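Worksheet for the structure shown next.
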Amino acid sequence: MTAETHTITTPGAEITYDVRPGAGPALLLVGSPMDATGFGTLAGHFADRKVITYDPRGVGRSKLTGGQSVTTPEEHADDLSRVIDAVGGGPVDVFASSGGAVNALALVAAHPDQVGTLVAHEPPTIPVLPDRENASAATKGIAELYQRAGMGPAMVKFILMTSHKGEVPPGWIDQPGPGPADFGLPTEDDGSRGDVLLEQNLISCTHYEPDFAALRAASTRIVIGVGEESADELAHRGGEGVAAGLGIEPVQFPSHHGGFLGGEYGQQGDPDNFAATLRKVLDEQA
């Protein structure tokens, strides 16, 4: 069915979200900085449920109104809480991926009553990594490179960082490598700043420290997902670290970090099998 689109005002932002009607339990799909368009394929696999998607603050249709250049997981969590209230209140089930998984962990820590089951897929949480100091330095180096040289060079390092296998070595940010042209990225700095990934969310998201005491005490059933093809990558290792902090085993999902994608952004995962795994996980009893 056609989604209904709504907008709500939250502190510092106007949040736009979509509701696809369905008779089954509500399912909220959360990305960051990915907006609602990334969940088109996955939402289609859950036509029996009411599916809610949204654009995080500063992304797509959701506008920042407070003039800030950085957004925190706690602010994203507050937005999500208000969206849940707007669609009729919780508890809802949540599937969240990447930075969205970080924000959803913050949501459950603050509002556990609003979430029945959270499936957090590959949260890129540096504080849970054994190589946290090197990974932190590398990520901060990407943010500094963005401010110094612009989007092209910083995005190259971001791509290399997210696909790096294994622990991050000391001085990683200074290692030679390909340039922006090798990735089809701009080679000239146009002077613009404020990128939603590289400035607004990169450091605050990756350096978020999960409140494990609150999460373990929550009424929410929490499942951590990791990709079968993304082993040893930072977000996969972050998922494993969060699962260890919760005292649970991560669940293997088909494909890679974007395994639910069905051509969105030109990327292809294994959405049919990914959705089947997600449905099985959601249908399991706590």
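The analysis underlying the following values was restricted to heavy atoms, covering all of them including side chains, and did not include hydrogens, waters or symmetry mates. Predicted model only: the values in this text are computed from it and were never measured.
Separation of atoms CD1 (Ile159) and CG (Asp182) is listed at 10.5 Å; rounding is to 0.5 Å. Rounding to the nearest 0.5 Å gives a distance of 10.0 Å between CG of Leu27 and OG1 of Thr53. Atoms CH2 and CG, on Trp172 and Asp174 in that order, are 10.0 Å from each other to the nearest 0.5 Å. Remark: Ser69 OG to Leu64 CG distance equals 9.5 Å, nearest 0.5 Å. Rounded to the nearest 0.5 Å, atoms OG1 (Thr5) and CZ (Arg61) are 5.0 Å apart. Rounding to the nearest 0.5 Å places NZ of Lys63 at 11.0 Å from CD1 of Ile15.
For residues 81-98, every residue pair satisfying the salt bridge (Lys or Arg N to Asp or Glu O under 4.0 Å) rule, not counting sequence neighbours, is listed here: Arg49-Asp93, Asp78-Arg82. Listed by first and then second residue, the side chain to side chain donor-acceptor pair (under 3.5 Å) pairs involving residues 203-218 are Ser136-His207 (not counting sequence neighbours). Among residues at least two apart or in separate chains, side chain to side chain donor-acceptor pair (under 3.5 Å) pairs with a member in residues 265-275 are Asp35-Tyr265, Thr37-Tyr265, His45-Asp272, Asp270-Asn273. Residue pairs that meet the ring-ring contact (aromatic ring centres under 6.0 Å, His included) test with at least one member in residues 130-153, sequence neighbours left out, do not exist here. The salt bridge (Lys or Arg N to Asp or Glu O under 4.0 Å) contacts involving residues 96-111 comprise nothing, where partners must be two or more places apart or lie in separate chains. Residue pairs meeting the salt bridge (Lys or Arg N to Asp or Glu O under 4.0 Å) criterion with at least one member in residues 151-168, sequence neighbours excluded, are Lys165-Glu233.
Heavy-atom contacts from other residues, nucleotides or ligands closer than 6.0 Å to CD of Gln147 number more than 12. Taking a 6.0 Å sphere around CD of Glu133, one finds it holds 12 or fewer heavy atoms contributed by other residues, nucleotides or ligands.
Panel note: side chain Asp131, backbone Val168; a donor-acceptor pair is recorded below 3.5 Å. Glu122 places no side-chain N or O within 3.5 Å of a backbone atom of Ala235 that could act as its donor or acceptor partner. Glu264 places a side-chain N or O within donor-acceptor distance of the main-chain N or O of Gly262, the cut-off being under 3.5 Å. For Asp195 (side chain) and Leu198 (main-chain N/O), a donor-acceptor pair under 3.5 Å exists by modelled atom type. In this structure, Thr117 contributes its side chain and Leu282 its backbone to no donor-acceptor pair below 3.5 Å. Panel note: side chain Ser62, backbone Thr16; a donor-acceptor pair is recorded below 3.5 Å. Of the possible donor and acceptor atoms, none in the side chain of His121 sits under 3.5 Å from a partner among the backbone N and O of Ala101.
In the hydrophobic clustering of this structure, Val19 groups with Val92; members are Ile, Leu, Val, Met, Phe, Trp, Tyr whose side-chain heavy atoms approach within less than 4.5 Å, directly or through other members. Val30 and Val242 fall within a single hydrophobic cluster, where Ile, Leu, Val, Met, Phe, Trp and Tyr are joined by side-chain heavy atoms under 4.5 Å apart, directly or via other members. Connection of Val196 to Ile142 is not established within any shared hydrophobic cluster, with ILVMFWY side chains joined at heavy-atom distances below 4.5 Å, either directly or through further cluster members.
Of all heavy-atom pairs between Gln200 and Arg57, the closest is NE2-O, 2.8 Å.
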Apply side chain to side chain contact (heavy atoms under 4.5 Å, CB included) to the pair Gln175 and Leu160, showing each step before the final yes or no. CA-CA 11 Å; Gln175 293 180 356; Leu160 295 175; over 6 Å; no

Applying side chain to side chain contact (heavy atoms under 4.5 Å, CB included) to Phe183 and Met155, what does each step give before you reach the verdict? CA-CA 9 Å; Phe183 289 87; Met155 274 304 298; over 6 Å; no

Side chain to side chain contact (heavy atoms under 4.5 Å, CB included) evaluation trace for Tyr54 with Leu80: CA-CA 9 Å; Tyr54 94 123; Leu80 288 167; 3.5 Å; yes

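Each of Val156, Ile173, Thr139 was scored for a side-chain contact (heavy atoms from CB on, under 4.5 Å) with Met161, with one residue passing: Thr139.
Ring-centre distance between Phe274 and Phe95: below the 6.0 Å cut-off.
Under 3.5 Å, the side chains of Asp79 and Thr10 contain a donor-acceptor pair of N or O atoms. Thr65 and Glu14 share no donor-acceptor pair across their side chains, judged by distance under 3.5 Å alone.
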